[in-house]
Amino acid sequence: MPATLDGRLVVAISSRALFDFEEENQVFEASDDRAYMQLQQQRLDHPAKPGVAFSLVNKLLGFSAPEPQVEVVVLSRNDPISGLRVFRSAQHYGLPIERGVFTRGTNPWRYLRPLKAQLFLSANEADVRSALAAGVAAARVFPESARASSAHPFELRIAFDGDAVLFSDEAEQVYQRDGLDAFRDHESARARTPLPPGPFKPVLEALQRLQQQTQGQMKLRTALVTARSAPAHERAIRTLMDWHIEVDEAMFLGGLAKGEFLREFEPDFFFDDQAGHVMGAAPHVPSGHVAAGVTNA
């Protein structure tokens, strides 16, 4: 029988999202892929430093029930030689990553479908947009983001924005078109009508299943961090209730900057659809931009 990934949360991740290849990437941008490959080959025996999504991946791989519940696959524009360094670095850190696809500069996102990936993390915006268009939750990591706190070694912490991330951008479209008052009236009138799902609803569902099924010591803590405030908060909470999905914390910030709140929550990763929010969060926590919805049209 062929191997199968059925029943697992499959996360596809690029090399630059998992490891810190920024110095090597500067060589690529200043020269060409040959110089980049040569540098990576010279450094085969030198493990790369952890990248912005390293903590997220490391903790996801810690969930078991008692079999592994998460499969992480490296899906990268890197060449196969550079891929060898990726695998060696993963082995150095004890990450049980066995599968990888390396496309040497061509679009890797097309392999998301045969992998049945539910989440894709990459530093390449075009690949992220293509993945989202194909129906896969995806985010462009900010390599310059702060690294995750080490204060919670056995607790995976993830923070999500609401509109255009967990939920559709239905309400955001009203806000962009008609302003804040119209947005509040729209959401108050529909407080008991669940919002349509956004690209990351399946990810949050999968995470909740992980928490329910695992028998190991790894735990999960989630947060909704949104610019919504009362009375628009009610529809967001009732939507999660209708989906039978729980979050541990909810922050209705009414337009306040999210960065300092996220610093206190200490997530392993934060997902938001607005680049400005991600830029504000990146100095504090690992962050990624979800290029979905009307603000990213």
Side-chain angles (χ1 to χ4, degrees), residues 3-18 51-54 56-57 59-61 63 68-78 86 97-103 105-143 156 158-170 172 195-210 220 222 243 245 268-275 278 286-297:
T4 178
L5 300 180
D6 290 348
R8 296 189 185 185
L9 169 60
V10 179
V11 177
I13 187 166
S14 73
S15 304
R16 282 181 67 197
L18 182 57
V52 65
F54 181 91
L56 172 69
V57 166
K59 290 183 180 180
L60 278 171
L61 289 169
F63 282 90
Q69 298 295 297
V70 179
E71 180 78 18
V72 174
V73 180
V74 179
L75 184 58
S76 172
R77 287 175 174 261
N78 262 324
V86 173
I97 297 176
E98 300 177 348
R99 294 177 170 87
V101 178
F102 302 93
T103 65
T106 62
N107 296 332
W109 64 268
R110 63 190 187 276
Y111 294 107
L112 292 168
R113 184 173 298 170
L115 286 170
K116 299 180 181 178
Q118 293 109 305
L119 176 62
F120 177 49
L121 300 175
S122 172
N124 187 291
E125 182 173 0
D127 289 342
V128 166
R129 286 181 176 270
S130 296
L132 286 163
V136 179
R140 176 171 68 92
V141 304
F142 277 36
L156 172 62
I158 305 182
F160 300 91
D161 181 31
D163 297 288
V165 178
L166 291 180
F167 316 128
S168 80
D169 70 334
E170 172 194 301
E172 182 68 25
L195 282 155
F200 274 73
K201 179 198 174 186
V203 175
L204 186 54
E205 286 179 318
L207 290 171
Q208 184 162 284
R209 287 195 298 270
L210 278 181
L220 173 69
T222 54
W243 293 348
I245 292 178
D268 294 288
F269 213 86
F270 167 59
F271 298 97
D272 199 294
D273 71 301
Q274 297 199 31
V278 179
S287 304
H289 177 224
V290 181
V294 64
T295 60
N296 295 290

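The analysis underlying the following values was restricted to heavy atoms, covering all of them including side chains, and did not include hydrogens, waters or symmetry mates. Note that the coordinates shown come from a computational prediction; the quantities given were computed from them, not determined experimentally.
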Checklist entry - In chain order, what residues pass the ring-ring contact (aromatic ring centres under 6.0 Å, His included) check against F142, with sequence neighbours excluded? => result none
Next on the checklist: Contact between E172 and Q274 at the side-chain level, heavy atoms closer than 4.5 Å - yes or no?
Outcome noted: yes
Checklist outcome for this item: R129 meets the salt bridge (Lys or Arg N to Asp or Glu O under 4.0 Å) criterion, sequence neighbours left out, with E125
Next on the checklist: Can you list everything that forms a side-chain hydrogen bond (donor to acceptor under 3.5 Å, both in side chains) with D127? Sequence neighbours excluded, please.
Outcome noted: R77
Checklist entry - Which residue pairs pass the salt bridge (charged side-chain N to carboxylate O under 4.0 Å, His left out) test when at least one of the two sits in residues 288-297, sequence neighbours left out? => result none
Item to check | R99: partners by side-chain hydrogen bond (donor to acceptor under 3.5 Å, both in side chains), with sequence neighbours left out | outcome: E71
Checklist entry - Does a side-chain heavy-atom distance below 4.5 Å link F102 with L75? => result no
Checklist entry - Yes or no on side chain to side chain contact (heavy atoms under 4.5 Å, CB included) for V141 and F269, after CA distance, side-chain angles and deciding distance? => result CA-CA 9 Å; V141 304; F269 213 86; 3.6 Å; yes
Next on the checklist: Could you work out, with side-chain hydrogen bond (donor to acceptor under 3.5 Å, both in side chains) as the rule, every residue matching E170, not counting sequence neighbours?
Outcome noted: R235
Side-chain donor-acceptor pairs under 3.5 Å in residues 287-297, sequence neighbours left out?
unit_1, atom_1, unit_2, atom_2, d
S287, OG, V285, O, 2.9
H289, NE2, D273, O, 3.0
H289, NE2, N296, OD1, 2.9
T295, OG1, D273, OD2, 3.1
N296, ND2, D273, O, 2.8
N296, ND2, V290, O, 3.4
N296, ND2, A292, O, 2.8

Item to check | side chain to side chain contact (heavy atoms under 4.5 Å, CB included) evaluation trace for F270 with D272 | outcome: CA-CA 7 Å; F270 167 59; D272 199 294; 3.3 Å; yes
Item to check | Interatomic distance, I13 atom CD1 to L121 atom CG [nearest 0.5 angstrom] | outcome: 5.0 Å
Item to check | From L166 atom CG to I245 atom CD1, the distance as rounded to the nearest 0.5 Å | outcome: 8.0 Å
Checklist entry - Stepwise, does the side chain to side chain contact (heavy atoms under 4.5 Å, CB included) test hold for D169 with D163? => result CA-CA 5 Å; D169 70 334; D163 297 288; 5.7 Å; no
Item to check | ring-ring contact (aromatic ring centres under 6.0 Å, His included) partners of F160, counting only residues at least two apart | outcome: F271
Item to check | F120: ring-ring contact (aromatic ring centres under 6.0 Å, His included) partners, not counting sequence neighbours | outcome: none
Checklist entry - Mind checking whether W109 and V128 have side chains closer than 4.5 Å, heavy atoms only? => result no
Item to check | All pairs passing salt bridge (charged side-chain N to carboxylate O under 4.0 Å, His left out) where residues 109-121 contributes a residue, at least two apart | outcome: D6-K116
Item to check | Heavy-atom closest contact (L112 atom, A12 atom, distance) | outcome: CD2-CB, 3.6 Å
Only pairs under 3.5 Å count here: list side-chain donor-acceptor contacts from residues 195-210, not counting sequence neighbours, and write none if there are none.
unit_1, atom_1, unit_2, atom_2, d
Q208, OE1, E246, N, 2.9
Q208, NE2, H244, O, 2.9

Next on the checklist: When you measure from the side chain of T103 to the backbone of S76, do you find a donor-acceptor pair of N or O atoms at a distance under 3.5 Å?
Outcome noted: yes
Checklist entry - Residues in side-chain hydrogen bond (donor to acceptor under 3.5 Å, both in side chains) with N124, at least two apart? => result none
Next on the checklist: Rounded at 0.5 Å granularity, tell me how far CG in L132 sits from CZ in R140.
Outcome noted: 12.0 Å
Checklist entry - Looking only at heavy atoms, what is the nearest atom pair of P68 and R8, with distance? => result O-NE, 3.7 Å
Next on the checklist: Pair V74, V101 - check side chain to side chain contact (heavy atoms under 4.5 Å, CB included), show working.
Outcome noted: CA-CA 6 Å; V74 179; V101 178; over 6 Å; no
Checklist outcome for this item: One should read off an interatomic distance between S130 OG and N107 CG, to the nearest 0.5 angstrom, of 6.0 Å
